[in-house]
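Each chain gets a letter, A, B and so on, in the order its sequence line appears, and its residues count up from 1. Bear in mind that the values here come from a model prediction, so they are computed numbers and not experimental data.
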Number of protein chains: 2
Amino acid sequence: MNIGEVAKKSGLPAKTIRYYEDIGLITPMRDTNGYRSFRESDMHKLAFLGRSRALGFTIEDCRNLLALWNDQDRASADVRAIAKEHLEQIETKISDLQAIRETLSHLVQTCAGDGRPDCPILAKLEKFPT
Amino acid sequence: MNIGEVAKKSGLPAKTIRYYEDIGLITPMRDTNGYRSFRESDMHKLAFLGRSRALGFTIEDCRNLLALWNDQDRASADVRAIAKEHLEQIETKISDLQAIRETLSHLVQTCAGDGRPDCPILAKLEKFPT
DNA sequence: ATAGGGCTTCCAGTAGCTGGAGGGTCAAGT
DNA sequence: ACTTGACCCTCCAGCTACTGGAAGCCCTAT
């Protein structure tokens, strides 16, 4: 399989696939003309990577997950630890964003949004502590 | 005021303050020795920037908000539009993250997390569609 | 022969800083 | 006068995870 077909099947842009090769996540073969030649196993890895990234795992997490995936003797505890850590970061981010949303939606509601210059949003940004 | 004092008062790292000067958000004076010399108005702008960034506005948003703040003839509608747009992006991000959280917390719960290799997390990353 | 599409590499840029090297400046202490 | 240490300066590189684009080779169809 050439990169175009793999891109279509995996849903990942060709650029991204080349990048993943660059950083050593996959190592497709090469045809005599220099084109990358993807095996089923490469395809499989890319799909794995796509799903991991879609769940917000970092590339380094993905690298580790991939290694565990390929290791028949892995302990599920190792996988779980990565996922749990990631989950906690997501939860932190969610609550940070929720706090921002509260502030922001309040401000947007109280701002007249007309032609006059008075604006509680600017007032907040100007005066109140972070 | 030198940069160190400004950093302490504004809570922004000196590096960040220099960066903000680089990209034209502030333009402090210079002493004869080449040191940056910050006026109250610079301090005020930096505090404004710090709070805007803390609410997650992009640098470009900050630039626009700062311009509106300095414009006595602004229309609050312009400020509100920026904030509203930002709010909507935050809300999108929150719900994306919440979806991820649901998936992830379910997986973490169902993974034994012991010494055995069987792992529903890897199974999910391997088999199911994105 | 030529046109088009796909493939290659390499370089640069994105956002918003952050770290570090290499060096000048200043105030206090000896 | 000299040294020490804390400042300050500029410039360059690096971070994440790609993305865009240039320059050029390869393959197929007409």
Next on the checklist: By the 4.0 Å heavy-atom rule, please label Ile23(A) as base, sugar-phosphate, or nothing.
Outcome noted: nothing

Item to check | Of the listed nucleotides dC8(D), dA17(D), dT9(C), the one nearest the side chain of Arg30(A) | outcome: dT9(C)

Item to check | Nearest-Å distance for atom pair CG/P, residues Leu49(A) and dC18(D) | outcome: 9 Å

Checklist entry - Within the structure shown, what part of the strands sits under 4.0 Å from Arg53(B) by heavy-atom distance: base, sugar-phosphate, or nothing? => result sugar-phosphate

Next on the checklist: Between Glu5(A) and Lys8(A), does any NZ, NE, NH1 or NH2 come within less than 4.0 Å of an OD or OE carboxylate oxygen?
Outcome noted: no

Checklist entry - Could you state the CZ-C1' distance from Arg36(A) to dC25(D), rounded to the nearest angstrom? => result 14 Å

Checklist entry - Any side-chain N or O of Thr16(B) less than 4.0 Å from the OP1 or OP2 oxygen of dG16(C)? => result no

Checklist entry - Taking only side-chain nitrogens and oxygens of Asn33(B), does any of them come within less than 4.0 Å of OP1 or OP2 of dC26(C)? => result yes

Item to check | Euclidean distance, atom CD of residue Glu21(B) to atom C1' of dG16(C) [Å, nearest integer] | outcome: 17 Å

Item to check | Side-chain H-bond candidate by donor/acceptor type, Ser76(B) with Asp114(A), under 3.5 Å | outcome: yes

Next on the checklist: Reading DNA chain D from 5' onward, which residue's closest nucleotide shows up sooner: Tyr35(A) or Ala14(B)?
Outcome noted: Ala14(B)

Next on the checklist: Under 4.0 Å, counting only non-hydrogen atoms across every strand here, what does Tyr20(A) touch: a base, just sugar-phosphate, or nothing?
Outcome noted: sugar-phosphate

Checklist entry - Considering residues at least two apart in sequence or located in another chain, which fulfil the ring pair (Phe, Tyr, Trp, His ring centres under 6.0 Å) criterion with His106(A)? => result none

Next on the checklist: So Arg18(B), base contact, sugar-phosphate only, or nothing? Heavy-atom distance under 4.0 Å.
Outcome noted: base

Item to check | Salt bridge Arg18(B)-Glu21(B), side-chain N to carboxylate O under 4.0 Å | outcome: no

Next on the checklist: Check the phosphate of dA17(D) against Arg63(A), side-chain N and O only, distance under 4.0 Å to OP1 or OP2. Yes or no?
Outcome noted: no

Next on the checklist: Can you say whether a donor on the side chain of Lys15(B) sits under 3.5 Å from an acceptor on the base of dG16(C), or the other way round?
Outcome noted: no

